[in-house]
**Student:** 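My questions all concern the structure below.
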Amino acid sequence: MPALTDGSAGGGPLAYGDPVTQAWSNLLVVTVLALLCAGYGRGVHELWSRRGTGAVVARWRVAGFALGIAAVLVASTGPGHVWAERSFAGHMGQHMILLVVAGPALAAAAPGLPLALAAPRRLRRRWARWRTSTAGSWVRRRPGALAVLAGVLHAAVLWGWHLPAPYRLAAEHGLVHAAEHASFVVAAALLWSVLLGADRHRISGPAAVLVLVATMLAASALGAALTLAPGPVYPAGILAPHGGDPEADQQLAGLLMWIPMDVAVLVAASVVFLRWLAGLDRALPRASGLPPEGPAGPVPRGPARADPIDRAPARPAAGKDTR
Amino acid sequence: MPSSTAAARGTRPGPEAMASLTRHWAEAPSLRTWFGTVDHKRIGRRYLVTAAVFFGFAGASAVAMRTQLAGPEAGILSPREYNQLFTMHGTAMIFLFSTPMLFGFGNFLVPLMIGARDMAFPRLNAFGYWVFLFAGLFMWASVPAGAAPNGGWFAYVPLTDERNTPGLHLDVYTLGLLFLGISTTSGAVNFIVTALKLRAPGMSLNRVPVFVWAIVATSFMVLVALPVLNLDNALLFLDRRFDTRFFEPERGGNVLLWQHLFWIFGHPDVYIIVMPALGIVSAVLPVFCRRGIVGYPLIVFSIVAIAIISFGVWVHHMFATGLPQLSYGFFSAASTVITIPSGLQIFAWLATMLVGRIVVSVPFLFVVGFLVTFVVGGVTGVMFALTAFDQQTTDTYFVVAHFHYVLFGGAVFPILAGVYYWLPKMTGRMFSVRLGRWAFWLVFVGMNLTFFPMHVSGLLGMPRRVYTYPGGLGWDPWNLLATIGAYVVAAGLLLVAVGVVHALRRGAPAPDDPWGGDSLEWTTSSPPKPYNFPVIPRVHSLHPNWDPRTVESTGPGATEDRILAEGRTTLCTSELDGRYERPVEMPEETRKPLLAAVGLLMVFLGLLLAWYWVAAAGAALVIGTLAAWLWPPRRTPQEAGVAG
Amino acid sequence: MTPADLRTALRPAGLVTEQPVGRSTAWWGVMLFIATEGTVFAALLGSYFYLRFQHGVPWPPDGIAQPDLRLPLVMTAVLVPSSLPVAWAEAGIRRGRRWQVRAGLLATLVMGGTFLGLQGMEYHENLREYTVTTNVYGSLFYVITTFHGAHVTVGLFMVCWLLAAAGRGGVSARRPEPVRVVAYYWHFVDAVWVAILFTVYLSPRL
Amino acid sequence: GLLVLLGGCSGGAPSTLDPAGTGARRVEGLWWLLFWISVVVFAEVMALLAWALVFRRRPDRRISRVEPTRFVVVAGAGVPFVILLAAYGVGLRDLAALRQPESPPAVTVDVTGHKWWWEVRYAGVDGATANEIRIPVGEPVRVRLRTVDVLHSFWVPQLMPKTDLIAGKVRETWLRAERPGEYRGQCAEYCGLQHAHMALQVVAQPRAEFDAWLARLAAPAATPDSDAERRGQQAFLQGTCVACHTVRGTAATGTVGPDLSTLGARWSLGAGAVPNDGGHLGGWIVNSQTVKPGNAMPPQPVDAAALPDLIAYLESLR
């Protein structure tokens, strides 16, 4: 199979930018991560010193943050980068770390509040003003709409960057590459925040399952397109850059796009759904499963007791927990 | 009986309220209302009867085919006839019998089970039925015309393109399925909205009967899967009629696109058929174990999980088409994983039986028959998930045996269980137990006699879809057995029909709750009044009919906001928790749905016969009818306030 | 705010509760309809990518030129902003301003009609080069765009219907449902166009 | 019971359980593994069902309030998961084994699917035959598959699982027969009116015999020996036959129907429709539509007197 597009890329492996831009983009990644760590750490420190360790931002959220940062580091500078240089499939593996590990972990970190706390006073004020403005409160009141937007963004980012031309562009320019990876992390974090993020961003269990599954289908379609393509989709130099069968590389890459996302979503959807159902059972019990004439056990009797459902929603009004 | 004790206390809505309810909901027994009814119970019964008739046609085709295959080189059917019959058998069983039959149950039962007075969109419901009827007639009419589809139910291109199959055969198929798709889609939307919005107050999602969950999950699958089939059929129709090139390799098209799209629909469709049937099992089985179902959250979870995973397994129908080896590993894994939720359900039922006290009645017999056959179909299903085995046995009689165990075992047995279980509620008559038991044993024995030998003939190398086979290959005895079995099944199913007619003619009047059921349909009269519930119940648990608090809520505890006797009204509640929101107006009988369906029939007939002006006229009729149908009624502000 | 409040806010049960204001049956109906229509488009565009990747290079095949972007961009500039007057009309009906509904819908009607006109112009150009029967690319191009055009047409029918109904006072602040349904559908038709622009016009270059 | 039945009745069947090829033997092993797993699982479920039906039916049974959720999860998901994982692993191993033979094939057969017969050619050999494939026993043979019309599926149950023939693509599979013999194969993908009559036969024979046969296939067809055959040849060449059929070394070079150069030696007529003997051949020539309705060969207006000669000629082509 000849080179797919114009063939101008030549046959040699792509170096993912020259060493200089490479170094610059590495520096950029590390700087941004360090800034994020500093901000998050400061915000959490402030919260914990005021309200006690583990308050407001739970410990597992902090652990999630650490995991997310570590995943980004591993993927973009550590071994992930080495795999990415070695083969297309390795590169997809790198993307999957960003999408399926780093994104969800950072979403679980609920970084909004700590980062806002750590931000300079002026920025904070402006942020608070926007939140209470019409636009801000519109967004705040509609976590569902946000979730759908996040899903669309996730699918768009995934498809957009993996089309041959943008992919090659990213592979050739270190900064574009960094932008690609940043957009993956942001899109994934936004998507998963509907499930793992701060409470006010979450949507109900069934809705989260729907959004996740729909996004998963879009990602699977890309995986399927790559896996099932009969010939190389990408220009020369991208598939199996260091020798080997380009088609096998592409197929493996397709499956790497396909399987981790599916597994992650299936597991997450299962957990969310079961947890939601269990929560519902606690709030509004299903009650005994025996017919009234059954000889065993007491059956709930008497006048209609107040069911929790008749009370006002248990949840405080939206926004109350946001200072 | 809980409902009779409530009646004895005499604290139902007052006589005026009852009179008002009757006035607003009753339908005069005229031909006009017969064509214009929007009552979900009548529509549901029509679905059931119509689907049963189509089942009869498709079953007769099967018997004819089995007769031809009883011995080698038989000449009872010509290959032309045989190929049309097996295509119509498959297509009708899948599209015109299973789904509509289960939608019929859903139509009748969902509003009753959730304590609503009708479906969310009653006119759309009527429209869906008429479209189903017309689409079914549209397809079956092609058989006497000699133009029935003949490309198999999965109609692989390029066999089905214009060059290889000229004539109307495949146009009937594509247009018929597109036509029918309108009905199925509208039904699915209706089910979801009904189940989400019209539940009785207090029926949070964890108190919804499993059958309703199954119907809702099925409907979601329909909404995602069916469009893909519709697209596939539309592309094939365009290729055939207008020379587009989607499936033409010489012009850049691709024949596997058809298979991908078909199976992206086709595999979820297996679950679209089986899942509501499993829902019926989950409704019937616990009642005869005198105990609520074990592991309700697990069953609901498995329903949702199946609905999701089923979209990831389509390639296991294409294991022999030469897709990348790597992808087989993935699809093989997904296909194996999907058996786990089914396993959860089976063991939940077994556990329910093991901790309950079993009453063996006719519906329960069919449930047992289901368990036995479905497990056989399940284990062979796992075999097909393994690519190497699939490549050897796909497209043989082994696969025919497998999917008949799944679909006959997994759908027909539950449907028959449902027929016997809800017959008293639907008709107000009890059936003859003796006839029922005979029917069960005939169907059960005949079914196994028909399909078990097919495993063997498949392993012995007999491919499917052959109109005849040579003698001396070791296939003869197994085919003869299968044919004998087919006649036994036919006799059993006839006995079911006889039983239903017998019940209608001679059956004893049914009590409101003959089985001591747990769900809300048993709190109504048999058959239910047009408004279903004089008082919309207040639900406190998963088993409202076993819960004195709910019974109380329709008696002395009835409140004005749940009686709603002024006007044709039912209740809207919140989607997840089932909180009381507001009453909503329900539309009255109208013949516009029928008119719109007639318009659609004109569209599809016009397209089929290339009378495009008829199609255009039909489209105009549809648009005009819809515009009039949806035209907002003029109301006084006060009235509008009530509805708003 | 006390720590207890925060704990309540952060506990997993936060997943259970829902907004106190429920959606109407009409909202659910139109959303599900849009979902299933959206799946048709997703499958259609998915088929485009499938056929393209299965076909290999060059794409478009048979010497057909890359799709010209100028007219489609103009069409986008006409169609996508047409969501704004609809949204404005929807905002109007909530305040009971019927004139606002009518003005918004009229603007949409004009924009949608222009879009269809431009699509006709584009067809006129393209038909000289290739038709729906030329090859799979031609089939895809015309079927996808025509299918979307048909949706625009249906949307315009709905807008006309709504204009007529609004004229008779069928919609009001208390009955905003028809306006909302039409608005959602129109937004959907717009969003689909963006996906088509990306798939049919941009992606061959990517 | 099933085993006995299978053993007793499979004589002469192209049975997947009587494998003679490397690929089919793999799958047979997989089948028995799956079969026994299935038997155990089925027996387990039936035992529970029977237990419930026997012991939980008495009216004095106390209904338990316990929710044996753990039992459901373990028995319904945990145990199946372990079993499935094991079966999946074995399945993957066998799939990998089916992918290619241990040694690269020396012989390549090109098989083309037609409605409704198989055209068979050998790479590097000029001649063609139909509905029969000869292979050297014990050696892997590459089979290249293509179709000129609709989808078919190449399946010889005793040798190898199926491979679909996809329009617009060339597919590949391989065969390796472990013992000499004749193995029936049949199209396994529904391909229209005469899908039932699209069989083929794979003949595995020792290398020497195979080589001899292949040489004969490449050579011109047998020349007529007797007068009857000569008259038959004349009738053949002057009739409509040549428009569609080839007989190598003569003026008949049609390509629509099967190459008839070795017709007399084939196992059947019409891809398994009828046995290959004089009577059936005559019937086939006069009106094959009564034998295999819908096939591409129209009824032939052959003189009743010339028919025996024509048959004699065609039978002599070996």
Side-chain angles (χ1 to χ4, degrees), chain B residues 78-80 83 152 156 158-159 164 249 255-256 290-291 294-295 298 320-322 325 328-329 332-333 336 339-340 343-344 346-348 350-351 353-358 360 371 375-376 379 382-383 386-389 391-392 394-395 456 459-461 463 465-469 472-474 477, chain D residues 9-17 27 30-31 34 38 41-42 45 48-49 52-53 56-57 61 63-64 66-69 71-72 75-77 80-81 84 87-88 91-92 94-95 98-99 149-151 153 157 161-164 166-168 171 186 188-196 293:
Chain B
S78 73
R80 205 160 264 120
N83 290 350
Y156 278 0
L159 175 62
N164 287 300
V255 295
L256 287 184
R290 310 308 303 146
R291 187 197 188 293
V294 168
L298 289 176
T321 57
Q325 197 91 1
Y328 287 158
S332 180
T336 357
T339 51
I340 287 179
L344 275 179
I346 287 180
F347 278 88
L350 284 174
M353 292 171 71
L354 287 170
V355 295
R357 193 181 63 225
I358 295 173
V360 179
L371 275 171
V375 172
V376 175
V379 292
V382 173
M383 299 180 186
L386 301 181
T387 314
F389 183 79
Q391 288 176 342
Q392 181 71 306
T394 184
D395 280 320
V456 184
L459 287 173
L460 294 183
R465 299 175 156 188
V466 289
Y467 75 92
T468 189
Y469 54 93
L473 293 181
Chain D
C9 291
S10 61
S15 168
T16 58
L17 304 184
V27 179
L30 183 60
W31 150 257
L34 293 174
S38 302
V41 170
F42 183 71
V45 175
L48 287 172
L49 185 66
L53 283 176
R56 301 298 307 180
R57 213 164 138 183
R61 286 285 138 182
I63 303 172
S64 167
V66 205
E67 285 258 316
T69 315
F71 164 75
V72 174
F81 184 77
L84 290 173
Y88 175 67
L92 269 195
D94 289 341
L95 179 65
L98 289 182
R99 193 171 180 186
D149 38 54
V150 303
L151 306 189
S153 188
K162 290 171 202 70
T163 309
D164 285 0
I166 308 290
R171 300 288 319 283
Q186 186 159 1
E189 184 68 81
Y190 176 62
C191 55
L193 202 57
Q194 283 296 344
H195 168 57

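Letters A, B, ... mirror the listed sequences (proteins, then strands); counts begin at 1. Because only heavy atoms are used, hydrogens play no part in the values below, and waters and symmetry mates are left out as well, while side chains stay in.
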**Student:** Measure the CG-CG distance between B:Leu371 and B:Leu350 for me, rounded to the nearest 0.5 Å.
**Tutor:** 6.0 Å
**Student:** Rounded to the nearest 0.5 Å, what separates atom CZ in B:Arg80 from atom OH in B:Tyr467?
**Tutor:** 10.5 Å
**Student:** D:Gly192, D:Gly168, D:Pro157, D:Ala52: which one forms the most heavy-atom pairs within less than 4.5 Å of chain B?
**Tutor:** D:Ala52
**Student:** Which bit of B:Ile340 comes within less than 4.5 Å of chain D, counting heavy atoms only: side chain, backbone, both or neither?
**Tutor:** both
**Student:** Within the distance-only criterion (no hydrogens, no angle test), does the side chain of D:Arg56 pair as donor or acceptor with the backbone N or O of B:Ile358 below 3.5 angstrom?
**Tutor:** no
**Student:** Under a 4.5 Å heavy-atom cutoff, which of D:Ala167, D:Pro293, D:Gly91 has the most pairs with chain B?
**Tutor:** D:Ala167
**Student:** So, for D:Glu67 and B:Arg291, which heavy atoms are closest and what is the spacing to 0.1 Å?
**Tutor:** OE2-NH1, 3.6 Å
**Student:** With chain D as the partner, which of B:Ala320, B:Gly343, B:Ala333 has the greatest number of non-hydrogen pairs under 4.5 Å?
**Tutor:** B:Ala320
**Student:** If you count heavy-atom pairs within less than 4.5 Å of chain B, which of D:Asp94, D:Leu30, D:Leu193, D:Val66 leads?
**Tutor:** D:Leu193
**Student:** Side chain to side chain contact (heavy atoms under 4.5 Å, CB included) between D:Val150 and B:Tyr156: does it pass, once the steps are laid out?
**Tutor:** CA-CA 9 Å; D:Val150 303; B:Tyr156 278 0; over 6 Å; no
**Student:** Chain D: which of B:Leu298, B:Asn164, B:Thr321 shares the most heavy-atom pairs with it under 4.5 Å?
**Tutor:** B:Thr321
**Student:** Could you check which of D:Ala87, D:Pro80, D:Ala75, D:Cys191 has the highest count of heavy-atom pairs closer than 4.5 Å to chain B?
**Tutor:** D:Ala75
**Student:** Taking side chain as everything from C-beta outward and backbone as N, CA, C, O, which of these in B:Pro158 sits under 4.5 Å from a heavy atom of chain D? Side chain, backbone, both or neither.
**Tutor:** both
**Student:** Given that the side chain runs from C-beta out, which part of D:Arg57 has a heavy atom under 4.5 Å from chain B: side chain, backbone, both or neither?
**Tutor:** both
**Student:** Which atoms of B:Val255 come close to chain D, meaning under 4.5 Å heavy atom to heavy atom: side chain ones, backbone ones, both, or neither?
**Tutor:** side chain
**Student:** Highest number of heavy-atom pairs under 4.5 Å with chain D: which of B:Leu256, B:Ile346, B:Thr394?
**Tutor:** B:Thr394
**Student:** Does any backbone or side-chain atom of B:Thr339 lie under 4.5 Å from a heavy atom of chain D? Answer side chain, backbone, both or neither.
**Tutor:** side chain
**Student:** Would D:Val27 and D:Thr16 satisfy side chain to side chain contact (heavy atoms under 4.5 Å, CB included), going step by step from the backbone distance to the final call?
**Tutor:** CA-CA 8 Å; D:Val27 179; D:Thr16 58; over 6 Å; no
**Student:** What I'd like to find out is whether the side chain of B:Tyr328 reaches to under 4.5 Å of the side chain of B:Gln391, using heavy atoms alone.
**Tutor:** yes
**Student:** Look at D:Phe81, D:Tyr88, D:Phe71 and state which one has the largest set of heavy-atom pairs under 4.5 Å with chain B.
**Tutor:** D:Tyr88
**Student:** In terms of the angle between their ring planes, are B:Phe389 and D:Trp31 parallel, tilted or perpendicular, with boundaries placed at 30° and 60°?
**Tutor:** parallel
**Student:** Tell me, out of D:Leu53, D:Ile166, D:Val45, D:Val72, who's got the most heavy-atom pairs with chain B below 4.5 Å.
**Tutor:** D:Val72
**Student:** If you apply the rule side chain to side chain contact (heavy atoms under 4.5 Å, CB included), what do you find for D:Leu48 with B:Phe347, and how did you get there?
**Tutor:** CA-CA 9 Å; D:Leu48 287 172; B:Phe347 278 88; 3.7 Å; yes
**Student:** Could you walk me through whether B:Ser332 and B:Leu386 pass side chain to side chain contact (heavy atoms under 4.5 Å, CB included), step by step?
**Tutor:** CA-CA 6 Å; B:Ser332 180; B:Leu386 301 181; 4.0 Å; yes
**Student:** Under 4.5 Å, counting heavy-atom pairs only, tell me which of B:Leu354, B:Thr336, B:Val294 racks up the most with chain D.
**Tutor:** B:Leu354
